[in-house]
Peer 1: 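A single structure is presented below for examination.
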Amino acid sequence: MKRSGKWYRNNEAKVMKMLGLKPTINSGSGPIEKEDGQSEDLICQLKSTDANSIKVVKKDLDTLEYNAMVAHKLPVFAIQFIQSGDVWLLMK
């Protein structure tokens, strides 16, 4: 089942709110707000998959870490397994 970009954006907002974070506008692609969600202390990137495994790319972690440094926040990388609803958090 192919999911639309709108579905992923709505899902992203739902997961960010579940984690107590404010979803960013346009998934952080703008010049001001970065990544997928933020709070006063945290900045988060979410990767979602229908599969039973996911590949974590170091470049994504490096980008998250850089954006966290610029924003003076703690970076959190979230992985969501859509089928089970599990959300895992990775922190350095």
Side-chain angles (χ1 to χ4, degrees):
M1 175 175 142
K2 185 158 169 87
R3 300 178 195 276
S4 69
K6 184 177 179 180
W7 184 92
Y8 278 105
R9 182 64 189 131
N10 288 336
N11 177 66
E12 184 179 281
K14 182 176 132 185
V15 172
M16 289 300 114
K17 288 177 185 175
M18 178 190 78
L19 296 174
L21 304 172
K22 179 183 172 233
T24 58
I25 298 169
N26 294 326
S27 191
S29 64
I32 298 172
E33 286 187 316
K34 293 296 181 185
E35 304 303 338
D36 297 322
Q38 296 190 28
S39 71
E40 188 175 313
D41 301 313
L42 304 174
I43 186 168
C44 182
Q45 173 66 242
L46 172 68
K47 296 295 181 191
S48 301
T49 184
D50 282 309
N52 289 320
S53 64
I54 191 165
K55 181 178 179 179
V56 177
V57 180
K58 183 149 182 349
K59 183 180 180 209
D60 291 339
L61 297 174
D62 292 341
T63 300
L64 171 62
E65 186 173 39
Y66 173 79
N67 289 332
M69 183 186 67
V70 170
H72 304 286
K73 297 181 180 189
L74 184 66
V76 178
F77 192 85
I79 297 172
Q80 179 192 31
F81 293 96
I82 297 169
Q83 297 299 323
S84 67
D86 291 337
V87 177
W88 287 79
L89 304 177
L90 289 95
M91 298 174 72
K92 186 174 184 181

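Residue numbers start at 1 and run along the sequence shown. As a basis for the values below, the full set of heavy atoms in this structure was taken, side chains included, without hydrogen atoms, waters or symmetry mates. Predicted, not measured: the structure shown is a model, and the values here were computed from it.
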Peer 1: With side-chain contact (heavy atoms from CB on, under 4.5 Å) as the test, pick out the partner of P23 among R9, K14, E12.
Peer 2: R9
Peer 1: Name all residues meeting the salt bridge (charged side-chain N to carboxylate O under 4.0 Å, His left out) criterion together with K17; count only those two or more places apart in sequence or in a different chain, and write none if there are none.
Peer 2: none
Peer 1: Please check this pair: side chain of S48 against backbone of Q80, looking for a donor-acceptor N/O pair closer than 3.5 Å.
Peer 2: no
Peer 1: Under the rule for side-chain hydrogen bond (donor to acceptor under 3.5 Å, both in side chains), what residues qualify as partners of D62, not counting sequence neighbours?
Peer 2: K58
Peer 1: If the condition is side-chain contact (heavy atoms from CB on, under 4.5 Å), which residues does S4 pass it with, not counting sequence neighbours?
Peer 2: K6, W7
Peer 1: Tell me who clusters with Y66, hydrophobic residues only, linked when side chains sit under 4.5 Å apart either directly or through other members.
Peer 2: M69, V70
Peer 1: Taking the side chain as every heavy atom from C-beta outward, state whether S39 and L21 have any pair of such atoms under 4.5 Å apart.
Peer 2: yes
Peer 1: Which heavy atom of V76 sits nearest to which heavy atom of L64, and what is that distance?
Peer 2: O-CD2, 3.4 Å
Peer 1: So do the side chains of Y8 and L46 get within less than 4.5 Å of each other, counting heavy atoms only?
Peer 2: no
Peer 1: Which residues satisfy the side-chain hydrogen bond (donor to acceptor under 3.5 Å, both in side chains) test with Q83, sequence neighbours excluded?
Peer 2: D50
Peer 1: Report yes if some heavy atom in the side chain of T24 is under 4.5 Å from a heavy atom in the side chain of E35; otherwise report no.
Peer 2: no
Peer 1: Does any non-hydrogen side-chain atom of I82 lie less than 4.5 Å from one of R3?
Peer 2: yes
Peer 1: Do I79 and V56 make a side-chain contact, defined as non-hydrogen atoms from C-beta onward lying under 4.5 Å apart?
Peer 2: yes
Peer 1: Under the salt bridge (charged side-chain N to carboxylate O under 4.0 Å, His left out) definition, can you give me all pairs with a residue in residues 66-77, not counting sequence neighbours?
Peer 2: none
Peer 1: Quick one: pull up CE in M18 and CG in N11 and give me the separation to the nearest 0.5 Å.
Peer 2: 9.5 Å
Peer 1: Quick one: side-chain contact (heavy atoms from CB on, under 4.5 Å) partners of K47, sequence neighbours excluded?
Peer 2: Q45, I54, D60, F77
Peer 1: For residues 85-92, dump all side-chain donor-acceptor pairs below 3.5 Å to protein atoms at least two apart in sequence or in another chain.
Peer 2:
unit_1: D86; atom_1: OD2; unit_2: S84; atom_2: OG; d: 3.2
unit_1: K92; atom_1: NZ; unit_2: E65; atom_2: OE2; d: 2.8

